[in-house]
**Q** 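Sending over a structure as C-alpha cells; questions will come in a sec.
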There are 2 protein chains.
Amino acid sequence: MARKSNDNKQQRILDAAVVEIAQHGYYHTTVARIAARAGVADGTIYLYFKNKEELLLRLFERAMERFSHEGRERLAAVATAREKLTGIVDLHLSLVGEDRDLAIITQVELRHSLHVLAHLSRTLVGDYLEVLTRVIEQGQAEGEFRRDLEPTFVAKAVFGVLDEMATDWVLSRRNTRLAGRAPAVTDFLLSGLLAPSDSD
Amino acid sequence: MARKSNDNKQQRILDAAVVEIAQHGYYHTTVARIAARAGVADGTIYLYFKNKEELLLRLFERAMERFSHEGRERLAAVATAREKLTGIVDLHLSLVGEDRDLAIITQVELRHSLHVLAHLSRTLVGDYLEVLTRVIEQGQAEGEFRRDLEPTFVAKAVFGVLDEMATDWVLSRRNTRLAGRAPAVTDFLLSGLLAPSDSD
DNA sequence: CTACCATGAATGAATGGGCATTCATTAATA
DNA sequence: TATTAATGAATGCCCATTCATTCATGGTAG
C-alpha cells in the first residue's frame with residue numbers, strides 16, 4: 001500500500017493514542033504501542049506527527065474543534081445570557097461525559113506539565129474562557145446578572161466548577177451520566193449557596 | 001560525616017525537589033539534579049525515599065499537613081458555617097499563593113497521571129472534601145444555606161472554584177496576591193450570579 | 001588520654017533497561 | 001520507471017537505581 005492512503009491513517013493513530021494514553025498515561029505509553037494499536041509501523045507515526053508530544057496536543061485540538069463547533073451552534077440558537085450559560089454547562093458536561101478515555105486525556109494527561117498547560121490555557125482554553133466572559137457581560141448588560149462581579153473572574157469560576165465535576169466523574173468509577181449534573185451546576189452557579197433571605 | 005546526621009537531610013531533599021520539579025517538571029527532573037541541589041549524593045536520595053515517585057507524593061503530603069493543621073485551628077475559632085466557609089476559602093488561597101514553586105507542584109505536576117490523581121483524590125483531597133461537606137451540612141442545619149443542594153456536590157463545586165483560581169494564578173505570571181481574590185470567591189459562592197430579584 | 005574498632009551513613013561510578021527517533025530498504029501506485 | 005508511502009530494525013541517549021567502597025563517629029580497652 002502506498003499513495004492514495006492517508007486514508008484515515010492520521011485519525012486511526014489519534015484514536016489509538018486516546019485509548020493507549022488513557023490506559024497507561026502519556027509517559028508510560030510507548031510510540032510503538034500506539035503504532036501497534038493503530039495497525040501501522042512505528043515510523044509511520046512520524047510521517048503524520050512531528051513527535052510524541054505533538055500527537056498529544058493534536059488529540060486535544062481535535063476534541064476542542066468539536067466542542068467549539070457545537071458550542072457556536074447552541075449559542076446562536078438561544079437569546080438570553082441565562083439560556084446561553086445553561087447551554088454551555090450542558091454541552092461541556094455532555095461532551096466530556098461522552099467518552100471516558102478522551103476525558104482521561106483532557107482532565108488528566110494533558111495537564112502533566114506546566115509547559116503544556118500554559119500553552120493550552122493561552123490558546124484553546126483561553127478562547128473558551130473568552131466566550132464565557134462575553135456571555136457574562138451580556139447578562140450584566142441585560143440586567144439579569146449581578147454587575148458587581150468581574151466577568152473574567154466569573155468565567156474562571158464557572159470553568160472551575162465544570163472542570164471539577166468532569167475530573168470527579170473521570171476518577172469515580174461509577175456509571176452515572178455526567179450530563180445529569182448540569183441542572184444542579186447551573187442552579188448553583190446562578191443562585192449560590194445562601195438560603196433565600198427571611199423576607200421571602 | 002555520618003551518624004547524628006539525618007539532620008534535616010530529608011527536608012533539604014524535599015526542598016530541592018520542589019524547586020527542580022517546579023522548574024523542569026517531574027519527568028524532566030533527574031534524581032541527580034535534585035541530589036545536586038540538595039547537596040547530597042545521588043544514592044542518598046534512596047536512603048530517605050523508596051523511589052522518585054514516592055518523593056513526589058511526600059511533597060504533597062508535607063504541604064497538606066500544614067494545610068490540615070492550620071485549617072483545623074481556623075475552623076475551631078469560628079462558629080457559623082458561613083464563617084467557616086469564608087475561612088477555608090481564605091486559607092486555601094493564602095497557602096497556595098504563598099509559594100509559587102510549591103503551587104506548581106500541587107496544581108500541575110501532581111496531576112500527571114490517573115494513578116497519582118486517583119490516589120490523592122481518595123486520600124488527602126478526599127479528606128479535604130469531607131471537611132467541606134460537613135461545613136455545608138452545618139450551614140444547612142442552621143438554615144443559612146439552601147437545603148435543596150447536595151452537600152457533597154457543593155463541596156466539589158467550591159473546591160473546583162478554588163482550584164481553578166489557584167491554577168490560573170500559577171499560570172499567570174502577574175504578581176497579584178492570590179489571597180486577594182478570597183472575598184470575591186466567597187461572595188460568588190454564597191450569592192451566585194443572578195442579580196437580586198426586582199422586588200428589591 | 002590515645003589507639004582502635006564497629007557501626008551505619010553517605011558516596012558516586014557503573015549498570016541496565018527502556019524507548020523516542022531515524023533512515024536504508026521495500027512496496028505500491030501512476 | 002519514477003515517485004512517494006510505509007516499514008521496522010537499529011541506534012543512541014537518557015536516567016533511575018544499585019552497591020561496593022569510603023568516611024565519620026562514639027564506644028572500648030589498654
Side-chain angles (χ1 to χ4, degrees), chain A residues 1-61 105 109-110 112-116 119, chain B residues 1-61 105 109-110 112-116 119:
Chain A
M1 182 191 347
R3 202 53 71 78
K4 161 212 182 174
S5 71
N6 185 5
D7 273 296
N8 47 353
K9 207 157 283 189
Q10 173 148 351
Q11 296 302 315
R12 290 216 328 267
I13 293 170
L14 287 172
D15 290 340
V18 168
V19 177
E20 288 295 329
I21 293 177
Q23 207 153 98
H24 305 104
Y26 176 73
Y27 278 102
H28 293 119
T29 295
T30 63
V31 171
R33 262 187 126 99
I34 296 174
R37 179 176 290 270
V40 302
D42 298 9
T44 305
I45 303 267
Y46 292 86
L47 298 177
Y48 294 93
F49 304 94
K50 185 152 64 67
N51 52 36
K52 192 181 169 190
E53 175 145 337
E54 207 202 54
L55 179 50
L56 182 67
L57 289 179
R58 278 251 198 295
L59 282 185
F60 189 62
E61 280 170 13
I105 309 278
E109 296 303 331
L110 271 162
H112 67 147
S113 86
L114 192 60
H115 170 246
V116 171
H119 172 74
Chain B
M1 187 191 339
R3 204 53 71 77
K4 161 219 185 169
S5 71
N6 184 4
D7 272 295
N8 46 353
K9 209 157 281 188
Q10 173 148 349
Q11 296 302 315
R12 289 216 327 268
I13 293 170
L14 287 173
D15 290 340
V18 169
V19 177
E20 288 295 329
I21 293 177
Q23 206 152 98
H24 305 103
Y26 176 73
Y27 278 103
H28 293 119
T29 295
T30 63
V31 171
R33 260 188 127 99
I34 296 174
R37 178 176 292 270
V40 302
D42 298 9
T44 305
I45 303 266
Y46 292 86
L47 298 178
Y48 295 93
F49 304 94
K50 185 152 62 68
N51 52 36
K52 193 181 168 190
E53 175 144 336
E54 207 202 56
L55 180 49
L56 182 66
L57 288 179
R58 277 252 198 295
L59 282 185
F60 188 62
E61 279 170 14
I105 309 278
E109 296 302 331
L110 271 163
H112 66 148
S113 85
L114 191 60
H115 170 247
V116 170
H119 170 74

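Only this structure's heavy atoms are used, side chains among them; waters, hydrogens and symmetry mates stay out. Lettering follows sequence order; numbering is per chain, from 1.
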**Q** What is the distance from CG of A/L47 to P of C/dT21, rounded to the nearest Å?
**A** 14 Å
**Q** Rounding to 10°, can you tell me the angle the first-five-pair axis of the helix from C/dC1-D/dG30 to C/dA30-D/dT1 makes with its last-five-pair axis?
**A** 10°
**Q** What string of B, S and - do you get for nucleotides 14-19 of chain D 5' to 3' if you count protein non-hydrogen atoms under 4.0 Å?
**A** -SSBB-
**Q** Output all residues satisfying salt bridge (Lys or Arg N to Asp or Glu O under 4.0 Å) with B/D42, sequence neighbours left out; order by chain, then residue number.
**A** none
**Q** What do you reckon, are the aromatic ring centroids of B/Y27 and A/H112 less than 6.0 Å apart?
**A** no
**Q** If I take atom CD in residue A/E54 and atom C1' in nucleotide C/dT21, what distance separates them, rounded to the nearest angstrom?
**A** 14 Å
**Q** How long is the span from the NZ atom in B/K50 to the CG atom in B/L55, to the nearest 0.5 Å?
**A** 12.0 Å
**Q** Test the A/K52-A/Y26 pair against the cation-pi criterion, namely NZ or CZ under 6.0 angstrom from the six-membered ring centroid and within 45° of the ring axis.
**A** yes
**Q** Would you compute the distance between atom CD1 of A/I105 and atom CG of A/L59 and round it to the nearest 0.5 angstrom?
**A** 5.5 Å
**Q** Hey, could you give me the CD/OH distance between B/Q11 and B/Y48, rounded to the nearest 0.5 Å?
**A** 11.0 Å
**Q** Judged by atom type as modelled, is there a donor-acceptor pair below 3.5 Å linking the side chain of A/N51 to the main-chain atoms of A/E54?
**A** yes
**Q** Rounding to a whole Å, what distance do you find between B/I45:CD1 and C/dG12:P?
**A** 13 Å
**Q** Could you tell me how far apart A/R33 (CZ) and D/dG8 (P) are, to the nearest whole angstrom?
**A** 18 Å
**Q** Hey, does the side chain of A/S113 reach the backbone of B/G25 with a donor-acceptor pair shorter than 3.5 angstrom?
**A** no
